[in-house]
Structure formats: C-alpha cells, structure tokens
Novice: 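What follows is a single structure, and I will ask about it in a moment.
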Amino acid sequence: MEEIAADTAVKGGEDMVQKRGPVGRAVWMAVCGAVLLSVALVMFILRYRALEEELDRMLMESLAAHTTLDGNNTGELIDGLSAVLDNVGQLISDSGRQPEKMWVESLLKTAVLAGRQAEMGYLEAGEVAQIPEESGEHASLREALSGRAAVSGLIFAPDRSEAYILVTRPVELNGQTVGVLLARLDAGQLSQPENHSTFFHDVHSVIAGADGTVVYESMTKSNGISLGELGEQNGLFGRDAQQFIEAYRNSESGSFCYDPPGGRCYVAWAPVHCNDWRVVQFSQSINIQVERTSALQTAIMLLSLAVCGILAVLIWRQRVRLAGEKLRYGVLAEFCDTLIFEYDRERDSLEFTSNALDSLDLEQVRLEGVTKRSGGLSVFHPDDAAAVRRVLSSVSEMTPEQVDHDRVRLKQRDGSYNWYRSQYKAVCGPDGRVTQIIGTLTDISAQIVREAELRKQAQQDPLTGVYNRAGVELINARLEQISRGVLFMLDLDDFKSINDNFGHAAGDKLLMAVGHILNETFRTDDIVARVGGDEFVVFLSGSDNIKLAEQKGQELLDRVRELRIEGIDAVASVSVGAARAPAHGRNYGALSVVADKALYQVKNGGKGGFALL
C-alpha cells in the first residue's frame, strides 16, 4: 500500500510539473515581452519627442526667416530709393546744367520697388530755407542742404493720421548745393506681415529701435511705447518678458518663444539696416496635441495579454506614433509658401508633403529611385537635377549638426519653373549612420525678381557691362542662400604695359572683351563683377565640383589667349585663382583670401595659368 501511495504521489507531482510548465513559460514570455515592449515604447517616445522638438525648432526658424526677409526687404527698399536719388543727382551733376525745378521733376517719377511706392520730389535751396523749424522734415532737409544724404526718423502728418519717412540727397553744381532731391515713403510700407505663412495667425508686426521703443505700429497705433508694454498686449509677462527684453538688447536679430494660457507663442526680430531700426513680429501658432497612453497603463495591459496580444499592441503603438508624426507633418503642410520634403536613404525615395501637389508638377508625393534612374527627379529643372542627385548621393558625409542651404528650380503645374530656397539637415539612426534628410523648400521667385531689379540699379560697370564692386554684396547674399559654389579671381597679365604701349583706348577694348568672355563662359545666374582696374571675380553657384572648376578655368585661359584686339600687337593672357565654398569659407571675405593666394601662386609661377588650392 505504501509503495502504491508513493507511486501515486510521484505521478501526481509529475502531472503538476507538466501542467505548470506551459503556464510558467507563457507567463515568462508575457513578462519578457512586456519588458521588451516597454523598452521599445520608451525609445519610441524619446524619438517622438526629439522629432517634436525638431519640428518646433523649424517653426521658430520659419518665423525668424520671414522676419529677416521682411527686414531685408525694408532695408533694400530704402537703399533702392537712395540709389534712385543718387542716379538722378549724378545725372544732374554730369549734365552741368542748372537744375531748374520743372526739368528735375520731369526726371523724377513715382518709384516702384518690390510692389511698394514712394513719392519723389525736388526742392530748390530757397524753398528748403523757407520750411519752418517746427516741420518734421526740417532737420533732414537742412542736413541734405549742408551736403549730406539722410534718412529721417518717423514723421507724422499734422493730424497724426499718416506717418512717413523722408529720404534726401543733395544736388550739387560747381561745388555748391543748389537743391535737395527727396522721396517720401509711407510708414505702412515698412513692413508687410501679410506675406507670412498661414500656419502663423494674428501676426503682430512693428518697427522698433535698438533701445526697445516702438517706432511704428499700424494695428493699434502704439507708437512710442516700449516692447515690454507691447509684449503684455501679446501675453508676454514676468520672467519671460525680462528674458525677451534682455535677448532683444543683446542681439540685433533673434527669436523667442513663450507659453501664455492661449497657446504657444513666438516672437522674432531682425535689423532693417537703417536708423538702427528692427522689425519685430509677434505670432501664435496652431496648438497641436497628440494623445498618449501612459507607460504604466500600457504595462498593466501588457501583463494581461498573451504574446500575440503583446505583439499586436506593439504594432498598434507604432501606428499611433506614425499617425502623430503624420499629423505634425500635415499641419506643417499648411504653409502656403513652404514645402517639406524627406529623403529616405535606404529606399532611395524623396517624399513631399501633400501641399506640393497643389503647386508642383507631381502625380504623387513620393518619387522612387531618385539617385539611380534618370527620370527620378523630373520635377527639378534639368540644369539642377544633377546637382540635387549629387547632394542626395553624398548624404552619408553630413553630420547631425550640419544645416545646408541651396537654391533649386521646381516645375510648376503650368509648366513654368519657380525658384525655391532649400534648407535641410541629416537625421541619424541609433548606430549614428545617416538614414534620412529632412528639409524645407520656400518659394523665393519674388525675391529673385527683386534681386534682379536691384542689380539693375547703380550696380553695373559702365565699361564692361558686368557688375561693379556691388557684386561682392550679391555674392554674399547668394552664399546665404546656397552653401556650395566656386569663387574665381582673375587678373589680366601685364595690363599696365598694354596701356603704356598701345594706349588706354586699346586697354579698354581688352577689358570689354574679357567681360564679354566671362558673360558667355558662365551662366546668367552666376555673378560676374569687376572689382578693380584689371581684376574680375566670378561666383559659380550651386556646385563646388573640382573638375567643373578646372574646366571653367581652362576655358577662360584658352579664350583670352585667342583674343585679337584691334590696336594691340600682343597676345593677351590672364591668371586665375579659385576657392570652393564651403570648404574654403562661407562668405566672400574668406573665399577671396584663398582665391587671392591661388592667383598669386600662378603669378609667381609665370602667369597665364589656373590654380585651385
């Protein structure tokens, strides 16, 4: 009986072990799955928050970019008016003719710059002397009469219903100031916040001084108050207000964000480059919230599920995360003038936000095989597609901190091409390798048109037809938009001896011929300028390819040697030095130093050659 009882007990124990085994394994798998999923969930949340912070940064940069553009436009408008007055004044001086009022006024017409107008006029010296001292225009006109061009502060009409600024320029004849050219610009045209993306609503734009005093504000007529008081009207109080005022006083441009009860708000400021004024813009963005389930609730739910349930929850959570990302991208797609793109390195695909279908010649938002097949970038201009393919093929060389800029042309639905400014950066995976490129495309076609208008105003060298030293500023402006390019620096060899032996008229013919060669050798979008007597610079934008630079340099050498100028019984030659952006610098000053070293390396080696350090 004892033996039978023992056998029964052993068998019962074995049965219990056999019964508990599957249950224990299921529990163990559930616990392990829950832990693994919890870790994965935490990683997903961290990645999501990182992406959320990155998108918030992009919103800040977008408002700052709009504010900077507004400030630049205002500064360019005032500079453009000054250039028009300078040109008319120079024309009067060169004519040697007594500037009669009717004749001068016939030279002046209403100036239109970037869609904004200004009233032009002329006052003789006697008329200026009769203007009463209490007039807001008195100080600027008297300063111009003393021989100095001036831009006034804000001038109000007697009833304070209108405000304007006054741009003046003296008219001189035989060393005497005989009158004043002037332009009155309505203050309402100093800032145009309606150009902002619809993603930012209720944009509040003002002009303020460096000390924080509001110079002009059109919405509530709050001229003269401080930015601190204006900030209170926009929900900026306490410590946030102090930090904003401190940041504003310490830097002439910047941005700031704060969280009033109504939702997240932003403020950005940028210089106007006149009278130490700045454009300041307050705005509130659409509040975006994505509902999340807490990690604790998720863990409790996972403990009650089998392995299959855990995997299902994992898939579901991943879909929620992706849905949140798509929601953020969808809201960003509401930018009326900005497109967002994402390049997936593994799939070799380029995907745009849905608003691209409204403007670009696309049938679908995703382009496949963009670097491996010829038609993958058909929406880009044929001249830009190769450069875009090179950038996408070399994304592995980018660093997470690196932000690059470029300009490209994209085909519109009507078949035309618009210029876009591209800003992009790399996104790395957990192993540190670049997996994606995320960036924005902003339509700058109107800016390109304005740039072309400014190029026509007092920037052309009268002898060669290329830009004068004003081309240096154009190169710097281009480098702010495009991070890659090549700067060529050219110097005619033995030009002084040509002038001495064959006369200055023959030397001028040689200079004109070289200017013609430069315009033919480079694209119309490249910048060619004469910066000295026999010195030229050329900026080839969009490519820093060494082989292309050497090809252009050799072409210049060959074409100049082939020149035959009437009156010059000698073979002309040119020495060329070059520097690449961004490898050698990101502005004209840095690039010109390297290009100048390369140029003198050629000069010391016998002249008539090309060098790229």
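Source: prediction; values computed, not measured. Any value given below was found using the heavy atoms of this structure, including those in side chains, with hydrogens, waters and symmetry copies removed.
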Novice: Just checking R347: does its CZ atom have more than 12 heavy atoms from other residues, nucleotides or ligands closer to it than 6.0 angstrom?
Specialist: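 No - once you tally the heavy atoms of other residues, nucleotides and ligands closer than 6.0 Å, there are 12 at most.
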Novice: With side chains defined as the heavy atoms from C-beta onward, is the minimum distance between L556 and L490 less than 4.5 Å?
Specialist: yes
Novice: Hey, could you give me the CG/NZ distance between L377 and K411, rounded to the nearest 0.5 Å?
Specialist: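 Answer for the CG-NZ pair, L377 versus K411, is 13.5 Å.
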Novice: Between L357 and L362, what is the shortest heavy-atom contact and its length?
Specialist: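 Looking at all heavy atoms of both residues, the closest pair is CD2-O, 3.7 Å.
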Novice: According to the salt bridge (Lys or Arg N to Asp or Glu O under 4.0 Å) rule, which pairs have a member within residues 414-435, sequence neighbours left out?
Specialist: D431-R433
Novice: Are R413 and D361 within salt-bridge range, i.e. N to O under 4.0 Å?
Specialist: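 Not counted as a salt bridge, because no side-chain N and carboxylate O are separated by less than 4.0 Å.
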Novice: Please check if atom CD in E520 has more than 12 non-hydrogen atoms from other residues, nucleotides or ligands closer than 6.0 Å.
Specialist: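 Counting other residues, nucleotides and ligands, CD of E520 exceeds 12 neighbours.
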Novice: Once you round to the nearest 0.5 Å, how far does CG of D404 lie from OG of S422?
Specialist: 9.0 Å
Novice: Tell me whether R580 contacts the main-chain N or O of S543 through its side chain, where contact means a donor paired with an acceptor under 3.5 Å.
Specialist: no
Novice: Does any part of the side chain of V528, heavy atoms only, come nearer than 4.5 Å to the side chain of N519, both counted from C-beta?
Specialist: yes
Novice: Could you check whether D461 and T464, counting side-chain N and O atoms only, form a donor-acceptor pair closer than 3.5 Å?
Specialist: yes
Novice: Measuring from D544:CG to I482:CD1, what's the distance to the nearest 0.5 Å?
Specialist: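 So the gap between those two atoms works out to 12.0 Å.
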Novice: Supply the atom-to-atom distance Y420 OH to H381 NE2, rounded to the nearest 0.5 angstrom.
Specialist: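 Output value for this atom pair is 14.0 Å.
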Novice: What is the minimum heavy-atom distance between S205 and D70, and which atoms define it?
Specialist: OG-OD2, 4.2 Å
Novice: Give a yes-or-no answer on whether the side chains of S541 and R478 include a donor-acceptor pair shorter than 3.5 Å.
Specialist: yes
Novice: Under the criterion ring pair (Phe, Tyr, Trp, His ring centres under 6.0 Å), which of W269, Y266, Y258 is the partner of F244?
Specialist: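 Of the listed residues W269, Y266, Y258, the ring pair (Phe, Tyr, Trp, His ring centres under 6.0 Å) partner of F244 is W269.
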Novice: Can you name the closest pair of heavy atoms from A64 and S255 and give their distance?
Specialist: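 Shortest heavy-atom contact: CB-CB, 4.4 Å.
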Novice: Cationic tip of K552 within the cone over F522's six-membered ring, i.e. under 6.0 Å and within 45° of the normal?
Specialist: yes
Novice: Minimum heavy-atom separation for T68 to A270, with atom names?
Specialist: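 Shortest heavy-atom separation between T68 and A270 comes out as CA-CB, 3.5 Å.
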Novice: Hey, does the side chain of S445 reach the backbone of W419 with a donor-acceptor pair shorter than 3.5 angstrom?
Specialist: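 Yes; at least one donor-acceptor contact below 3.5 Å.
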Novice: Testing the basics here: between C428 and T435, what is the closest heavy-atom pair and its distance to 0.1 Å?
Specialist: C-OG1, 4.2 Å
Novice: With a 3.5 Å cut-off and no angle check, do the side chains of N468 and Q460 form a donor-acceptor pair?
Specialist: no
Novice: Donor-acceptor pair, distance only, cut-off 3.5 Å: does the side chain of T353 make one with the backbone of I340?
Specialist: yes
Novice: Enter the distance from D525:CG to D383:CG here, rounded to the nearest 0.5 Å.
Specialist: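 Output value for this atom pair is 10.0 Å.
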Novice: Do any N or O atoms from the side chain of S416 and from the backbone of Q412 form a donor-acceptor pair under 3.5 angstrom?
Specialist: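 No.
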Novice: Under 3.5 Å, is there a donor-acceptor pair between the side chain of S82 and the main chain of I78?
Specialist: yes
Novice: Would you sort out whether D348 and Y343 count as a side-chain hydrogen bond (donor to acceptor under 3.5 Å, both in side chains), showing the intermediate values?
Specialist: CA-CA 7 Å; D348 193 30; Y343 172 66; 2.8 Å; yes
Novice: Would you give the length of the straight line joining atom CG of L613 to atom NE2 of H584, rounded to the nearest 0.5 angstrom?
Specialist: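 Spacing of CG (L613) from NE2 (H584) equals 6.5 Å.
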Novice: Indicate whether any N or O donor in one side chain lies under 3.5 Å from an N or O acceptor in the other, for N418 and D443.
Specialist: yes
Novice: Below 4.5 Å, heavy atoms only, C-beta onward: do N234 and V267 meet side chain to side chain?
Specialist: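 No. Closest side-chain heavy atoms not under 4.5 Å.
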Novice: Report yes or no: does H273 contribute a side-chain atom to a donor-acceptor pair with the main-chain N or O of G71 at less than 3.5 Å?
Specialist: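 Answer holds: no.
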Novice: With a 4.5 Å cut-off on side-chain heavy atoms, are V537 and F488 touching?
Specialist: no
Novice: Quick one, F536 with M489, criterion side-chain contact (heavy atoms from CB on, under 4.5 Å). Give me CA distance, side-chain angles, the key distance, then yes/no.
Specialist: CA-CA 6 Å; F536 295 82; M489 185 170 287; over 6 Å; no
Novice: Please step through side-chain contact (heavy atoms from CB on, under 4.5 Å) for the pair I527 and V538, ending with a clear verdict.
Specialist: CA-CA 6 Å; I527 300 173; V538 181; over 6 Å; no
Novice: Taking the side chain as every heavy atom from C-beta outward, state whether D558 and E555 have any pair of such atoms under 4.5 Å apart.
Specialist: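 Of all side-chain heavy-atom pairs linking E555 with D558, none is under 4.5 Å.
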Novice: Give the intermediate values and the outcome of side-chain contact (heavy atoms from CB on, under 4.5 Å) for residues L591 and L479.
Specialist: CA-CA 11 Å; L591 293 173; L479 282 165; 3.9 Å; yes
Novice: Do any N or O atoms from the side chain of S251 and from the backbone of Y248 form a donor-acceptor pair under 3.5 angstrom?
Specialist: no
Novice: For A579 and L612, which heavy atoms make the closest approach, and how far apart are they?
Specialist: N-CD1, 3.9 Å
Novice: Are any non-hydrogen side-chain atoms of L474 and Y467 less than 4.5 angstrom apart?
Specialist: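 Yes, at least one pair of side-chain atoms sits under 4.5 Å.
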Novice: Evaluate the side-chain proximity of N545 to R484: yes if any heavy-atom separation is below 4.5 Å, no if none is.
Specialist: no
Novice: Could you go step by step and tell me if L540 and L548 meet the side-chain contact (heavy atoms from CB on, under 4.5 Å) rule?
Specialist: CA-CA 10 Å; L540 174 68; L548 177 61; 3.9 Å; yes
Novice: Fit a plane to each ring of F352 and F380, take the angle between them on a 0 to 90° scale, and name the class: parallel (under 30°), tilted (30 to 60°) or perpendicular (over 60°).
Specialist: tilted
Novice: Is there a side-chain contact between V388 and V370 (heavy atoms, below 4.5 Å)?
Specialist: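 No. Closest side-chain heavy atoms not under 4.5 Å.
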Novice: Under the 3.5 angstrom rule, does the side chain of Q436 hit a backbone N or O of V434 as a donor-acceptor pair?
Specialist: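 Not at all, since once roles are kept as given, no pair shorter than 3.5 Å links the two residues.
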Novice: Among side-chain atoms of N476 and E480, is any donor-acceptor pair under 3.5 angstrom?
Specialist: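 No, E480 and N476 have no side-chain donor paired with an acceptor closer than 3.5 Å.
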Novice: Using modelled atom types and a 3.5 Å cut-off, is there a donor and acceptor pairing between side-chain atoms of T521 and backbone atoms of I517?
Specialist: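 Yes; at least one donor-acceptor contact below 3.5 Å.
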Novice: Should the pair R407-D384 be classified as a salt bridge under the 4.0 Å nitrogen-to-oxygen rule?
Specialist: no
Novice: Taking R366 for the side chain and E351 for the main chain, is one N or O donor matched with an acceptor at less than 3.5 Å?
Specialist: no
